[in-house]
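One structure below.
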Amino acid sequence: MSKKPGTFKGTRDFLPETMVKRNYIFDTIKTVFRKYGFLPIETPSVEKRETLMGKYGEEGDRLIFRVLNSGDKLKKADQDALNNNELPKFANSISDQALRYDLTVPFARFVVQHQNDLDFPFKRYQIQPVWRADRPQKGRYREFYQCDADVVGSDALIYEVELIQIFDEVLTNLGLPDFSIKINNRKILSGIAEVCGESDKLVPITVAIDKLDKIGKDGVIKELIERGVSNDAIEKIDPLFQLSGTNTEKLDLLKSYLADSEIGLKGVEELEWVFNQVETLGLKQAKLELEVTLARGLNYYTGAIFEVSANNVQIGSICGGGRYDDLTALFGLSGLSGVGISFGADRIYDVMTELDLFPSSVTNTTTYLFINFGTEEQIYSMQIAAGLRRLDIPCEIYPEPKAMKKQMKYANNRHIPFVVLVGSDELKNGTVTLKNMVTGEQETLTKEDFLNKHK
RNA sequence: GUGGUUGUAGCUCAGUUGGUUAGAGCGCCUGGUUGUGGUUCAGGAGGUCGUGGGUUCGAUUCCCAUCUUCCACCCCA
């Protein structure tokens, strides 16, 4: 124990048993992404510092892992800044690059950089790890995977509808029994701030009301006061806390509440259209809920915002997303609207583990193990195994004629569902004996019949 | 970034009010069973009690630091 090596705080190794389950999640997500016409890309783990910094708000910047300069570049260290305790400035002087914090901002950079090689609207999916210098907790890691699908170059609401369908389809295919897609629109939040006469306090207002389900109405009001929102405005926000009923009822209420706000009404209209289309098309499992208090922290969202949570599991949201009207403008290309979603694969894994949702077939990586009885039997087994592999059946041969107990145990621990016994009798008769490791049943059949079973 | 918490065998955890050889269950290995795993029985291996320093005749136990775990806040997937 004492001298055992370990991984860096908040990061993990994945053993084969875990990896096959993770791959099952990734594969399910990819399959659905492709079905909706998204194309794969990858971007580097490390980006220039200026690409990332300032895109996620002050809080986000703090959580970006910086990468130290090397060699002579270290001599640029701003020692005055260090002596004056200006740590961020000092950090900038010795670090010109950083690990990516999410996949969306690097994607915006990617779009601007390769704009002449892309067909718009450009739909891409990307499954890669991201890093955050956060304090780890359960369901919260320093290195984790995001599975993003984004469309850039169209403000058509059809994409909001399709992204909701993707959430629904992926999570249904993974077998999640109960989950909610919460949706809101930043324009509605802007409208609320406008109606309250506090347009300049949009961010503090959204951050505060986002916490309604966590700290309750009184907590939100307290926070609004702390953030300098006037009492008049708080009174005007108050009715929103009582907003209840069906999505249609909520929309109707919002229409009258936001009657004086052009942008607010635009948001309501957009949401209404999305709801209508989703209703017509139908969802498999998801509950789609309008949640006026949903705000999400990332500042770059401007239209629809999404968040998905698994019900009956104590973990944060498992997916997120939204529309950002001008993210590429930060890199010099304006007029491109984008909308995208992200699956938090690590949290989905945790939820599926807690609810025991992985089908047992996922861990059956090898179908047959050939028991090794000796040299001649092994050669005979290798021929049959080659036949199976030509039929794409995964199988393996135990490498040495060790005690059968040991070989059986190996099959058992590896969750291999069938064992093939080829001893001297089988060799002589041109047969194999098949043992089902779950039921314990055995049957003997000719090797031709065995192979033909799989055609 | 703030406050707290955790660390003893591969895993889950007892225990030591500071004192000769630190325990259990599960797992692992060997054998009962030289063509049968998952059940059962018998035996066995495995720990400088997270790491570094301090106090002490003596520290796994007390103190400090550090790393790690988990939790609340912040924020978020």
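- Between the side chains of A/Ser93 and A/Asp78, no donor N or O sits under 3.5 Å from an acceptor N or O.
- With both ends at atom P, the span from B/rC74 to B/rG53 equals 40 Å, rounded to whole Å.
- B/rC28 and B/rG19 have their C1' atoms separated by 34 Å, with the value rounded to a whole Å.
- Under the 4.0 Å criterion applied to side-chain N and carboxylate O atoms, A/Lys217 and A/Asp238 are assigned as salt-bridge partners.
- Within 4.0 Å of A/Ser317, counting heavy atoms only, lie sugar-phosphate atoms of the nucleic acid but no base atom.
- Crowding of A/Gln113 atom CD: a count of heavy atoms from other residues, nucleotides or ligands under 6.0 Å exceeding 12.
- Residues A/Cys319 and A/Ala133 both approach RNA chain B. Their nearest nucleotides, taken by heavy-atom distance, put A/Ala133 toward the 5′ side.
- Atom CZ of A/Arg142 and atom P of B/rC75 are 19 Å apart (whole Å).
- Checking A/Asn311 against A/Ser180 by side-chain atom types alone, a donor-acceptor pair falls below 3.5 Å.
- For the C1' atoms, the distance from B/rC11 to B/rC57 is 39 Å, rounded to whole Å.
- Close placement of the A/Phe167 and A/Phe343 rings is indicated, their centers lying within 6.0 Å of each other.
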Quiz prompt | Stepwise side-chain hydrogen bond (donor to acceptor under 3.5 Å, both in side chains) test for A/Asn436 and A/Glu441 | solution = CA-CA 5 Å; A/Asn436 181 322; A/Glu441 287 166 5; 5.4 Å; no
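- Across B/rU21 and B/rG47, the matching P atoms stand 16 Å from one another, rounded to whole Å.
- The nearest whole Å value for the distance from the NZ atom in A/Lys138 to the C1' atom in B/rU6 is 14 Å.
- With B/rC75, B/rC71, B/rU68 as the choices, the nucleotide that has an atom nearest any side-chain atom of A/Glu59 turns out to be B/rC75.
- Listed by residue number, the members of residues 10-38 of chain A with any heavy atom below 4.0 angstrom from RNA chain B are A/Gly10.
- The aromatic rings of A/Phe450 and A/Phe370 sit perpendicular to each other, their planes meeting at more than 60°, with 30° as the lower class boundary.
- B/rU61 sits 15 Å from B/rA9 when the P atoms are compared, rounded to a whole Å.
- B/rU60 and B/rC41 are spaced 36 Å apart, taking the C1' atom of each and rounding to whole Å.
- Atom NZ of A/Lys9 and atom P of B/rC67 are 7 Å apart (whole Å).
- Checking B/rC76, B/rC70, B/rC75 against every side-chain atom of A/Pro136, the shortest atom distance belongs to B/rC70.
- A donor-acceptor contact under 3.5 angstrom links the side-chain atoms of A/Arg135 to the base of B/rU2.
- Within a 6.0 Å radius of CE in A/Met382, other residues, nucleotides and ligands contribute 12 heavy atoms or fewer.
- Side chains of A/Glu426 and A/Tyr380: a donor-acceptor N/O pair is absent below 3.5 angstrom, by distance only.
- With hydrogens and angles left out, the side-chain atoms of A/Asp150 and A/Tyr324 include a donor and acceptor closer than 3.5 Å.
- Atom P of B/rG50 sits at a distance of 44 Å from the matching atom of B/rU34, rounded to the whole Å.
- Across all strands, A/Lys402 comes closer than 4.0 Å to no nucleic acid atom at all (heavy-atom distances).
- A/Trp131 has its CH2 atom 17 Å from the C1' atom of B/rC76, to the nearest Å.
- Within the 4.0 angstrom heavy-atom criterion, no nucleotide atom of any strand lies near A/Gly60.
- Note on ring orientation: taking the six-membered ring where Trp is involved, the planes of A/Phe122 and A/Phe110 are parallel (angle under 30°, cut-offs 30° and 60°).
- Counting only Watson-Crick and G-U wobble pairs whose two key distances fall under 3.5 Å, RNA chain B forms stems of three or more stacked pairs at B:1-4 with B:70-73, B:10-13 with B:23-26, B:28-32 with B:40-44, B:50-54 with B:62-66.
- Between B/rU8 and B/rU51, the distance separating the two C1' atoms is 14 Å to the nearest Å.
- Between A/Lys211 and the phosphate of B/rC73, there is no side-chain N or O to OP1/OP2 separation shorter than 4.0 Å.
- Between A/Leu357 and A/Leu176 the shortest side-chain heavy-atom distance falls below 4.5 Å.
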Exercise. Sugar-phosphate atoms are those with a prime plus P, OP1 and OP2; base atoms are the rest. Using that split, label each nucleotide of nucleotides 28-39 of chain B B, S or - for protein heavy atoms under 4.0 Å, 5' to 3'.
Key: SS-----BBBB-
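- The shortest side-chain heavy-atom distance between A/Glu17 and A/His415 falls under the 4.5 Å cut-off.
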Exercise. Go through the steps to decide whether A/Ser337 and A/Arg323 satisfy the test side-chain hydrogen bond (donor to acceptor under 3.5 Å, both in side chains), and finish with yes or no.
Key: CA-CA 8 Å; A/Ser337 183; A/Arg323 181 171 285 281; 2.7 Å; yes
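- Within the 4.0 angstrom heavy-atom criterion, no nucleotide atom of any strand lies near A/Tyr145.
- Straight-line distance from the CG atom of A/Asp61 to the C1' atom of B/rG1: 14 Å, rounded to whole Å.
- Summarising the geometry, the separation between CG on A/Leu63 and P on B/rC74 is reported as 14 Å, rounded to the nearest angstrom.
- In this structure, of B/rC70, B/rC76, B/rC75, it is B/rC76 that holds the atom nearest to the side chain of A/Arg132.
- As a whole-Å value, the separation of A/Glu223 CD from B/rC74 C1' is 10 Å.
- Rounded to a whole Å, the OH atom of A/Tyr101 is 6 Å from the P atom of B/rC76.
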